Number of protein chains: 2
Amino acid sequence: MDLPNQSGFQSVIKARNLRMTNQRRQILQVLQESDEHLDAEAIYDRVRQKDARVSLATVYRSLTLFKNLGLVDERNLGEDYRRFETAQDEPHYHFTCLACRKVIEFNAPEIEQKIIPQIEAQGLKVTEAHLIVSGYCADCQRDQTRGKKHADTHLRIPNQTNLR
Amino acid sequence: MDLPNQSGFQSVIKARNLRMTNQRRQILQVLQESDEHLDAEAIYDRVRQKDARVSLATVYRSLTLFKNLGLVDERNLGEDYRRFETAQDEPHYHFTCLACRKVIEFNAPEIEQKIIPQIEAQGLKVTEAHLIVSGYCADCQRDQTRGKKHADTHLRIPNQTNLR
DNA sequence: ATCCCTATTGATAATTATTCTCATTATCAA
DNA sequence: TTGATAATGAGAATAATTATCAATAGGGAT
């Protein structure tokens, strides 16, 4: 949630002679207010609830703009799981539960302090690094062992009877 | 390229009463022969060159099957960059050049030895971990500073004049 | 070698997520 | 207030992947 405030955003916008529209304000606000990881569709839904008449195309356009302005990051949190979040100062990484799709953030200073320097020592220039960890959260592990019903649409545990 | 050989594959297939078809053989062979990271379309092209009449749908179906059998891994090597590779014994991670799309593999034992154990200590069960690093390889850095023409279709360097 | 069951395939339609098109609207500097 | 043009809405277009279904082909049993 440490995003430039609206007036800060406004100056960024004007400096590039872009325009500060109501749609952009709404979309940015939704992103700032949420601490979840939303996709374009979810952002679209929330913006509409706030009554703005914003089209899905505009949501996509705005997200692309915000990405390019460095205000928003697009994250691939696993297979078929692209989400957006406001840009953070601290580098951080993501664990995704394959059953309930919950996202848990964590730090891993080894990446910035050891792994990336090692890569750059080979002459490569690093601009981005994502560590994507998948598995099962504590709750869903419990449910599975109990054989409980849960949102198994996304279960990726290989199933002997359905390999195809 | 340390994949079960064809006879090993055959036994895996039969054990699940699946069938060893010519299409599957061809697709698997393409994956084994290549040390690049291919997408479904590229696999499709190569299989067709070997003259088999294989449909794209079958390529997708086979890749899904191989994934579920643990013979093949699907990798998200960055934005819009899903590729397949034969399953490896050693965990490894990927650097992708944003300019030429070259992929360089590297090890990072800190991930398996420190980061994952820390995550699991919190009660999470980890089944997968991908470290995706993006940036510019030595060659493309050189080209850029010289202002050379190169495949800039994929350049992601924010461009002040084209933010939208 | 032949038969039969059914797993697999090819061709193509359907689906999903995202981007594009273009006429219309709205922002904002003058 | 006006004018230049950035931005939008609505829907068409695109691209990647999956689903449908009749036809084909493994491979165990005979």
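What's counted below: heavy atoms across the whole structure, side chains too, no hydrogens, waters or symmetry copies. Predicted model only: the values in this text are computed from it and were never measured. Letters A, B, ... mirror the listed sequences (proteins, then strands); counts begin at 1.
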Visitor: How many Å lie between CE on A:M20 and C1' on D:dT8, as a whole number?
Guide: 16 Å
Visitor: Expressed in angstrom and rounded to an integer, what is the separation of B:R53 atom CZ from C:dT8 atom C1'?
Guide: 15 Å
Visitor: With DNA chain D as reference, determine whether A:V54 or B:I13 sits nearer its 5' end, using the nearest nucleotide of each.
Guide: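 Nearest-nucleotide comparison on DNA chain D picks A:V54.
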Visitor: Is B:Y81 reaching over with its side chain to a backbone N or O of B:R101, donor-acceptor style, under 3.5 angstrom?
Guide: yes
Visitor: Sequence neighbours left out, what passes side chain to side chain donor-acceptor pair (under 3.5 Å) with A:N22? Give chain and number order.
Guide: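 Result, side chain to side chain donor-acceptor pair (under 3.5 Å) vs A:N22: none returned.
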Visitor: Taking only the side-chain heavy atoms of B:K14 (C-beta and beyond), determine which of D:dT20, D:dT5, D:dG28 contains the nearest atom.
Guide: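 Minimum distance to the B:K14 side chain belongs to D:dG28.
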Visitor: Rounded to the nearest angstrom, tell me the gap between atom CZ in B:F9 and atom P in D:dG26.
Guide: 14 Å
Visitor: Identify all pairs in which a protein N or O lies below 3.5 Å from an N or O of nucleotides 13-18 of chain C, and state each distance.
Guide:
residue : atom : partner : partner atom : Å
C:dT18  : OP2  : A:Y60   : OH           : 2.4
C:dT18  : O5'  : A:Y60   : OH           : 3.4

Visitor: What is the separation between atom CG on A:L69 and atom C1' on D:dA6, rounded to the nearest whole Å?
Guide: 14 Å
Visitor: From CZ of A:F66 over to C1' of D:dA7, roughly how many Å is that when rounded to an integer?
Guide: 12 Å
Visitor: Under 4.0 Å between a Lys/Arg side-chain N and an Asp/Glu carboxylate O for A:R83 and A:D73?
Guide: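 Salt bridge: no.
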Visitor: Of the nucleotides C:dT8, C:dC28, C:dA11, which one has an atom closest to the side chain of B:A57?
Guide: C:dA11
Visitor: Flag the pair A:D80 and B:R82 as a salt bridge only when some basic side-chain nitrogen lies within less than 4.0 angstrom of an acidic carboxylate oxygen.
Guide: yes
Visitor: Whole angstrom is fine here: how far is it from CG in B:N17 over to C1' in C:dT6?
Guide: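 Value for this atom pair: 9 Å.
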Visitor: Does A:Q23 make a side-chain N or O approach to OP1 or OP2 of D:dG9 shorter than 4.0 Å?
Guide: yes
Visitor: Give the angle between the helix axes at the two ends of the helix from C:dA1-D:dT30 to C:dA30-D:dT1, taking five base pairs at each end and rounding to 10°.
Guide: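 What I find for the helix from C:dA1-D:dT30 to C:dA30-D:dT1 is an axis angle of 40°.
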Visitor: Any donor-acceptor pair under 3.5 Å linking the side-chain atoms of A:H37 with those of A:H94?
Guide: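 Distance-only check passes for A:H94 and A:H37.
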Visitor: Does the ring-ring contact (aromatic ring centres under 6.0 Å, His included) test come out yes or no for B:F9 and B:F66, once each step is laid out?
Guide: CA-CA 10 Å; B:F9 173 49; B:F66 295 160; 5.5 Å; yes
Visitor: Ignoring the backbone of A:T58, work out which of C:dT9, D:dT8, D:dA6 is nearest its side chain.
Guide: D:dT8
Visitor: Among A:E128, A:E85, A:E36, which one satisfies salt bridge (charged side-chain N to carboxylate O under 4.0 Å, His left out) with A:R75?
Guide: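 Among A:E128, A:E85, A:E36, the one that satisfies the salt bridge (charged side-chain N to carboxylate O under 4.0 Å, His left out) with A:R75 is A:E85.
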Visitor: Does A:R48 pair with A:D45 as a salt bridge, N-O distance under 4.0 Å?
Guide: no
Visitor: Take the protein atom CZ of B:R16 and the nucleotide atom C1' of C:dT8, then report the distance between them rounded to whole Å.
Guide: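 Result: 18 Å.
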Visitor: Of the nucleotides D:dA4, D:dG9, C:dT8, which has the atom closest to the B:T21 side chain?
Guide: C:dT8
Visitor: Which heavy-atom pair separates B:T58 from B:I27 by the least distance, and what is that distance?
Guide: O-CD1, 4.0 Å
Visitor: Would you say C:dT8 has OP1 or OP2 under 4.0 Å from some side-chain N or O of B:R24?
Guide: yes
Visitor: Do the side chain of B:R61 and the base of C:dT8 come within less than 3.5 angstrom through a donor-acceptor pair of N or O atoms?
Guide: no
Visitor: Measuring from atom OH of B:Y44 to atom CD of B:Q26, what distance do you get when rounded to the nearest 0.5 angstrom?
Guide: 14.0 Å
Visitor: Rounded to the nearest Å, what distance is computed from the CG atom of residue B:D80 to the P atom of nucleotide D:dT14?
Guide: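 In whole Å, D:dT14 P and B:D80 CG are 18 Å from each other.
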